[in-house]
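All of these numbers come straight from a predicted model, not from anything done at the bench.
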Amino acid sequence: MLRTKITVLVVAAAALAIAVTAFASFRNVSDVVADELERGLEDRTDTVVTLLAADRTPPERDDMIEQVLSPKGAVRPLAPGRAELPVSAGDRRVARTGEGGSRQDVVVSGTEYGILTRPLPDGGAVMVGQSYRDAVRLERDFLWRISLTTAAATGLSALLGWLAVGRILRPVRRLVRTTRRITGTQDLSTPLPPAGKDEIGQLTHSFDTMLSALRRSRAKEQELVHNASHELRTPLTSVRGSAELLQRARGRLDPKDEEKILATLVTEAVALDDLVRELVELATDRYTEDEPTSVDLPTLAEDSAGRHSRRTGRAITVTTARPTPVHARTRALQRCVDNLLNNAVKFSPPDTPITVHVDGCQLSVRDQGPGIPPAERQAVFDRFYRGPGTQATPGSGLGLAIVHDLVEAEHGTVFAAEAAGGGAEVGFRLPPRTGGDDDSRPPA
């Protein structure tokens, strides 16, 4: 569970920090206590030396053992009934020479003492031993208390970490539950939790953007399937009716009628083939493998115009003004120009000219046909759209829709307008190339 793992990490980090702080505090306190003990031992020794020099006996202290060491090594306790401090060679040297001092830690009757030996003005030395019992008890109490404090702080850190992590991960859990519900029900209309301004909110916003794209994609897919089934039904019905008629007649038809039926079959089969091909091209981007590169629109227009002129025998002229290279996929733009020319050839009278005009980053195809009414100039780029005056014209209604999708993928726009002198002008605009050929932009 993510919450448990994060809480464990937070508590481990907090416990480590608390333990390090506690250890450092204990060491600091121990050093302070040791310094105070050492200072107290030195002060007591100086006091005893001063009092003995004045022929006075120092007052007794429960935590102290004091004795006088003669130059010959004889020991005289200053307080009767106290344990005798062990005498070392250093202590005898101080008592014999009257110079220097000696410092040692020993154990007397199971208790650790710190012993300081100082010389006396009249000869010999005084030995003062200070018990460490109270200091050890103080350190033990402090260690016990700081251990309890560390444990309590660690437990409190665990509780606060659990609550804080739970609060932080609450939006993530809501997002996970929602995405699981969407995955299980396939209902893309399910709303996501409200998005905040933090990283979790940005993640939710990204999911919402992706979900919106999926909704649009599914809507377009359903619309495409619905329209495709409607458009496929007409040629299929015609093909089926003609085939059934030939089957029932079985050679009894007049040759001219039979020729008409066969011609209908061929025409509808060709139309059906074109429709299926354009449906596949519309549903799948066939040009995603092409890398965007610098494209010269006049060269592209000349190539398409030459091919269409040779195939149809129509006069197609290419004019240019301020040509500007664009950054796009070459095959996709070639397909766009081909579709625009096919559309112009389809709706233009046989003997009228067709003009491809390139102006900067804009390419348009002008014809001398009936034109496009203002109310339909945006709708002509919809899938399967057929204007009221074009129902009898052969075609699938997908040519300009393919142009729209390909140009939009290249971050461009399409347009339809009235051509100068009559007819229609249909084309697209693309952004100019801003870098080298290798700084390809990802398609939309």
Side-chain angles (χ1 to χ4, degrees), residues 1-49 58-67 78-79 81-88 90-91 101-118 126-173 198-200:
M1 186 177 180
L2 182 60
R3 182 180 184 181
T4 302
K5 293 180 180 179
I6 296 179
T7 303
V8 170
L9 293 177
V10 172
V11 171
L16 179 60
I18 294 173
V20 171
T21 304
F23 178 75
S25 301
F26 176 73
R27 289 299 303 269
N28 291 334
V29 170
S30 298
D31 293 342
V32 170
V33 172
D35 291 342
E36 290 296 327
L37 287 175
E38 197 68 25
R39 189 178 299 109
L41 179 60
E42 292 177 356
D43 292 344
R44 179 64 178 178
T45 303
D46 292 340
T47 301
V48 172
V49 170
E60 297 184 14
R61 285 183 53 174
D62 294 338
D63 60 338
M64 295 286 185
I65 298 178
E66 299 149 346
Q67 62 188 24
L78 294 181
R82 294 293 184 91
E84 184 177 316
L85 297 175
V87 181
S88 66
D91 299 332
S102 175
R103 176 68 173 84
Q104 59 181 327
D105 290 331
V106 298
V107 177
V108 179
S109 301
T111 302
E112 187 176 5
Y113 282 82
I115 300 177
L116 180 60
T117 302
R118 292 276 180 83
V126 63
M127 299 178 62
V128 179
Q130 182 174 11
S131 172
Y132 288 160
R133 182 186 298 111
D134 292 339
V136 171
R137 183 174 63 253
L138 177 64
E139 288 186 351
R140 186 184 302 112
D141 292 345
F142 180 76
L143 182 61
W144 176 251
R145 291 181 181 180
I146 202 171
S147 298
L148 291 179
T149 303
T150 301
T154 303
L156 181 61
S157 299
L159 177 61
L160 294 179
W162 178 266
L163 296 177
V165 171
R167 182 179 181 85
I168 294 173
L169 294 181
R170 190 176 300 131
V172 177
R173 291 197 298 270
D198 54 3
E199 287 78 3
I200 305 301

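To the nearest 0.5 Å, atom CD1 of residue Ile115 and atom CD of residue Gln104 are 4.5 Å apart. Here the straight-line distance linking atom OG of Ser131 with atom CZ of Arg61 works out to 10.5 Å at 0.5 Å rounding. Here Gln67 contributes atom CD and Glu84 contributes atom CD; the two are 5.5 Å apart, rounded to the nearest 0.5 Å. In this structure, the separation between CG on Asp134 and CG on Leu37 is 9.0 Å, given to the nearest 0.5 Å.
In the model, Asp63 has no side-chain atom that pairs as donor or acceptor with a side-chain atom of Tyr132 under 3.5 Å. Between the side chains of Thr45 and Arg118, no donor-acceptor pair is found at a separation under 3.5 Å.
Judged purely by atom type and a 3.5 angstrom limit, Asp91 uses its side chain to pair as donor or acceptor with the backbone of Ser88.
Here the closest non-hydrogen pair linking Val33 and Ala135 is CG1-CB, 3.9 Å. Contact detail for Leu41 and Gly114: the closest heavy-atom pair is CD2-O, 3.5 Å.
No more than 12 heavy atoms of other residues, nucleotides or ligands lie within 6.0 Å of CZ in Arg133, so this atom counts as exposed by the packing criterion. Around atom CG of Asp62, no more than 12 heavy atoms belonging to other residues, nucleotides or ligands sit under 6.0 Å away.
Using a 4.0 Å cut-off between charged side-chain N and carboxylate O, Glu36 and Arg39 make a salt bridge. Salt bridge Glu66/Arg44: present, at least one basic N to carboxylate O contact under 4.0 Å.
Residues Pro58 and Thr47 are not in side-chain contact: their nearest non-hydrogen atoms beyond the backbone lie 4.5 Å or more apart. Looking at Val126 and Thr117, their side chains never come closer than 4.5 Å, going by heavy atoms from C-beta outward.
For the side chain to side chain contact (heavy atoms under 4.5 Å, CB included) criterion with Met127, the lone passing option out of Val48, Val87, Leu78, Ile65 is Val87.
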**Request:** Any chance you could lay out the side chain to side chain contact (heavy atoms under 4.5 Å, CB included) test for Glu112 and Asp105, step after step, and finish with the verdict?
**Result:** CA-CA 7 Å; Glu112 187 176 5; Asp105 290 331; 4.1 Å; yes

